Amino acid sequence: MEMDGASSSGSSGAAQPSLFLSKRSRAFYRFTQQNLPACRPALTPTLVITVFLLVGITFLPFGIICFRAAESVDELVLRYDTECIPENYRGNKVAYIKDDSISKKCTLTVKLRNQMKAPIYVYYELDNYYQNHRRYVKSRSDRQLLHGLQYKDTSSCRPIESSNGLPVLPCGLIAWSLFNDTFTFDVKAGKLNVNRKNISWKSDRDHKFGNDVYPFNFQNDTLIGGGKLDPSIPLSEQEDLIVWMRVAALPNFRKLYGVIENDIDADEVITIQLSNNYNTYSFGGKKKLVLTTSNWLGGKNNFLGLSYIATGFCSILVAILFALIHVKFPRPHRDASYLHWNRKSSATSR
């Protein structure tokens, strides 16, 4: 009898350890012992079909709205790297782009179909350009961009670390390959002003590029990569460089060049004066000029609308399929005999 009493008292003490714990400890104990209340909804066929229908009915019209909004954005894309080459250099484009004695000026005309309302964003687009290459991405020094020549350790900038025995600022392959094509636009009424201020992220200007850091010994070597920088302007105000230094994740990308703050009427003829300086011919790249507007959804991109439409359509299709299966093979609500382990046991007993 004494042994029974001891075991009984011992089991009751072990069964209630939370009585001697704090409130937080009791909650933690219940969590680790999986004693917390839980919600286990019964996914009946009717509930599942209803959920899929609601998802489809919600996503489908919203996708159509997004798709129509993206299609309403006016956009002009003009590839100019093939057009701006003299006839006698069409077979050897690399020789043309590397010969400094040949003028790189080019004039193109394009006629707008629809009216473009300000602000009109001017982008340059590069294809087959891998800014996400590991060596390219690492070839920079963020501390040098912020603190200037005070920061001496620029080993991460190799191979563009120094030139003629002096440090390069900004150093690295990204800055060295700065895009240097230029664009101007004229219409019948006169020249279109392209605002090139505030085209970069404010956080980059304020926190990543020093306002008292100036370019030094940049593009002074025998091999020139891209654009040059004004040594009298601090890096925080050289927004072309700031935009370029934010590397793209994909080999086809656009970067903002400027903003046209005037409306352009429909059927207007735009004369584009450009300098075809940047070498994309050595690696089979493409260069395009993009004029585009925006709306409440952003720029011209059909992916969001198409993804919503596809999701809504698939949800409605699955709901109809489940409804047909439920009508043809109805299952009584909460019938335990339909559970797979019960089916196995009943089949074994037979």
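Source: prediction; values computed, not measured.
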Please round to the nearest 0.5 Å and tell me the distance separating atom CZ of F185 and atom CG of L274.
8.5 Å
For residues 300-310, the side-chain hydrogen bond (donor to acceptor under 3.5 Å, both in side chains) pairs (sequence neighbours left out) are E71-N302
Is it true that D240 and R196 make a salt bridge, defined as a side-chain N closer than 4.0 Å to a carboxylate O?
yes
R205/E239 ion pair, N-O < 4.0 Å:
yes
Distance from I160 atom CD1 to T154 atom OG1, nearest 0.5 Å?
11.5 Å
Could you check if a side-chain atom of L169 sits within less than 4.5 angstrom of a side-chain atom of N217, using non-hydrogen atoms only?
no
Which residue is it: L145, L146, D142? I am looking for the one with a side chain to side chain contact (heavy atoms under 4.5 Å, CB included) to F209.
L145
Applying side-chain hydrogen bond (donor to acceptor under 3.5 Å, both in side chains), which residue pairs with at least one partner in residues 119-128 are found, sequence neighbours left out?
E125-R254, D127-K288
CG of L229 to CG of L178, rounded to nearest 0.5 Å, is 6.0 Å
Do V122 and L291 touch side chain to side chain, with heavy atoms closer than 4.5 Å?
yes
Using a 4.5 Å cut-off on heavy atoms from C-beta on, say whether the side chain of L192 contacts that of I120.
no
Given a cutoff of under 4.5 Å between side-chain heavy atoms of I, L, V, M, F, W and Y, with clusters grown through shared members, what are the other residues clustered with V94?
I85, Y89, Y96, I97, I102, Y281
